[in-house]
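Reviewing the structure listed below.
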There are 2 protein chains.
Amino acid sequence: MKDFFTLDKQLCFAVYETAGEFTKLYTSALQPFGLTYPQYLVLLALWEKDGVTAKELGERLNLGTGTLTPMISRMISNGWLRKERSKADERKVYIFLEEKARREKEVITQNVGEAIQACSIELEEYEELMELLGKVRFKLKSRVPR
Amino acid sequence: MKDFFTLDKQLCFAVYETAGEFTKLYTSALQPFGLTYPQYLVLLALWEKDGVTAKELGERLNLGTGTLTPMISRMISNGWLRKERSKADERKVYIFLEEKARREKEVITQNVGEAIQACSIELEEYEELMELLGKVRFKLKSRVPR
DNA sequence: CTACTTTTAATCGTGTACGATTTAATCTTA
DNA sequence: TAAGATTAAATCGTACACGATTAAAAGTAG
């Protein structure tokens, strides 16, 4: 790779910038609901499977407690979530969706869906990109840290 | 798209997580130098073209002054950069690489390069992904905000 | 049953991100 | 040239992100 160090050719930068663009897209679609992009990812995860521990949620979102704990607090303050300490094992905290989060699921996802469709990303592109990202992600994840 | 809302099929999530994995990779490669990933991107930009205004740097990195100003301060404290207010137009601040940054360019880029090669991402994958990301990024950028 | 280890969240410190506001310098135009 | 607009950085407030530490609860081995 000749000019590997040319900024605009850097894969890292491309991924970085694309992630930023996605954040902007989602931010504007989610703004009417007072949700941030990471908060939306939390809702996505819980809409799929509600009532999971903070740990499990963190694993599914690739987030540590240092990120998740304060974020969950904010989402509780805003009426999206509810926390419940396990009676059987008091170390565990289960996270549940509040009514508001179930009620607004349709509107939120529809709004986000429209925002994405407005970008007219082809299904083919979508799937190809998903596959490539999956491959690269797998390689990045399974690398042996020195 | 049937189960568009299934978490693991979400493109946004894939981009998000891949960006995170890249960050981790770069973080470990850059740690010996006391550099963060975004700081490395600043160096990449300046190695390509030194002595630019904060504004231009921000445009090239897609970062606002709210992010860049404190980051530049830290990099100045750590001896990577130098700041110089323009004499012709005192609003402008030019950012320059310090000796340290020029001297260590080789070692840093080599270390990062090795870390990436350790992931054995094929050149073909690399280029395909770059192209797809470019396309999607273009679409995301050129969407009309409502 | 007690000392030790492990597990789970919470907390802390540092470093991005970003929109909004502020401040100072420059430009524009009447 | 003086008032108003524009521009460039800096600053502020909020919200991630992550490694490290802490604290409490649960498991485990002698």
Side-chain angles (χ1 to χ4, degrees), chain A residues 12-13 16-28 30-31 33-43 52-59 61-78 80-81 83-95 145, chain B residues 12-13 16-28 30-31 33-43 52-59 61-78 80-81 83-95 145:
Chain A
C12 64
F13 189 75
Y16 182 77
E17 202 188 331
T18 309
E21 290 300 326
F22 266 102
T23 302
K24 275 174 202 157
L25 173 71
Y26 278 82
T27 300
S28 79
L30 293 168
Q31 191 229 320
F33 307 102
L35 280 171
T36 67
Y37 180 33
Q39 286 173 12
Y40 170 71
L41 293 179
V42 167
L43 289 185
V52 297
T53 62
K55 182 181 162 57
E56 186 181 337
L57 193 56
E59 276 161 3
L61 296 168
N62 262 298
L63 292 175
T65 92
T67 304
L68 217 47
T69 302
M71 200 168 130
I72 288 169
S73 301
R74 279 186 290 271
M75 293 182 76
I76 290 171
S77 306
N78 295 332
W80 297 108
L81 305 181
K83 225 155 89 168
E84 205 171 294
R85 210 158 263 283
S86 163
K87 296 221 166 51
D89 183 345
E90 296 219 340
R91 290 169 304 181
K92 292 182 181 170
V93 169
Y94 288 96
I95 315 293
Chain B
C12 65
F13 189 75
Y16 183 80
E17 201 187 331
T18 309
E21 290 300 326
F22 266 102
T23 303
K24 275 175 200 154
L25 174 70
Y26 278 83
T27 300
S28 79
L30 293 167
Q31 190 229 321
F33 306 102
L35 280 172
T36 67
Y37 180 33
Q39 287 172 10
Y40 171 71
L41 293 179
V42 168
L43 290 185
V52 296
T53 62
K55 183 180 162 59
E56 186 181 338
L57 192 56
E59 276 160 5
L61 296 169
N62 263 297
L63 291 175
T65 90
T67 305
L68 217 48
T69 302
M71 199 168 132
I72 288 169
S73 302
R74 279 187 289 272
M75 292 181 77
I76 290 172
S77 306
N78 295 332
W80 297 108
L81 305 180
K83 224 155 91 169
E84 206 172 294
R85 211 159 260 282
S86 162
K87 296 221 166 53
D89 184 345
E90 297 218 340
R91 290 170 304 181
K92 294 182 181 170
V93 169
Y94 288 95
I95 315 293

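Order of the sequence lines sets the chain letters (A, B, ...), proteins ahead of strands, with each chain counted from 1. Computation of the quantities below employed the complete heavy-atom set of this structure, encompassing side-chain atoms and omitting hydrogens, waters and symmetry-equivalent molecules.
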Contact between A/Leu41 and A/Met71 at the side-chain level, heavy atoms closer than 4.5 Å - yes or no?
no
Atom CD1 of A/Ile76 and atom P of C/dA10: how far apart are they, to the nearest Å?
9 Å
Quick one: do A/Trp80 and A/Leu35 satisfy side chain to side chain contact (heavy atoms under 4.5 Å, CB included)? Show the steps, please.
CA-CA 10 Å; A/Trp80 297 108; A/Leu35 280 171; 3.4 Å; yes
Rounded distance (nearest 0.5 Å) linking atom CD of B/Gln39 with atom CD1 of B/Ile72
10.5 Å
Whole angstroms only, please: what is the NZ-P distance between A/Lys55 and D/dA26?
16 Å
What's the separation between atom CG in B/Leu57 and atom CG in B/Leu68, rounded to the nearest 0.5 Å?
5.0 Å
Can you measure B/Leu68 atom CG to D/dA8 atom C1' for me and round it to whole angstrom units?
12 Å
B/Ser28 side chain to B/Leu25 backbone, donor-acceptor under 3.5 Å:
yes
Expressed in angstrom and rounded to an integer, what is the separation of B/Ile72 atom CD1 from D/dA10 atom C1'?
11 Å
Need one value for B/Ala19: base, sugar-phosphate or nothing, where a base atom within 4.0 Å counts as base even if backbone is also close, heavy atoms only.
nothing
Protein-nucleotide distance (A/Asp89, atom CG; C/dA9, atom C1'), rounded to Å:
11 Å
Sequence neighbours excluded, which residues qualify as side chain to side chain donor-acceptor pair (under 3.5 Å) partners of A/Asn78?
none
When you get a sec, tell me which of D/dT6, D/dA24, D/dA9 is the closest nucleotide to the side chain of A/Arg91?
D/dA24
Which of parallel (below 30°), tilted (30 to 60°) and perpendicular (above 60°) describes A/Tyr37 and A/Tyr26?
parallel
Heavy atoms under 4.0 Å is the rule here; annotate nucleotides 13-19 of chain D 5' to 3' with B where the base is hit, S where only the sugar-phosphate is, and - elsewhere.
--SSBBB
Taking the side chain as C-beta and beyond, is there a heavy-atom pair between A/Lys83 and A/Ile95 under 4.5 Å?
yes
In whole angstrom, give the distance that lies between atom CD1 of B/Ile95 and atom C1' of D/dA8.
12 Å
Rounded to whole Å, how long is the line connecting atom CZ of A/Arg85 with atom C1' of D/dA23?
11 Å
Which residue lies more 5' along DNA chain D, comparing B/Glu56 with A/Glu90 via nearest heavy atoms:
B/Glu56
Short side-chain N/O contact from A/Lys87 to OP1 or OP2 of D/dA26, under 4.0 Å
no
A/Thr18 vs B/Thr18 side-chain heavy atoms within contact, under 4.5 Å
no
Compute the bend angle of the helix from C/dC1-D/dG30 to C/dA30-D/dT1 from the end axes (five pairs per end), rounded to 10°.
0°
Using whole Å, report how far OH of A/Tyr94 lies from P of D/dA25.
17 Å
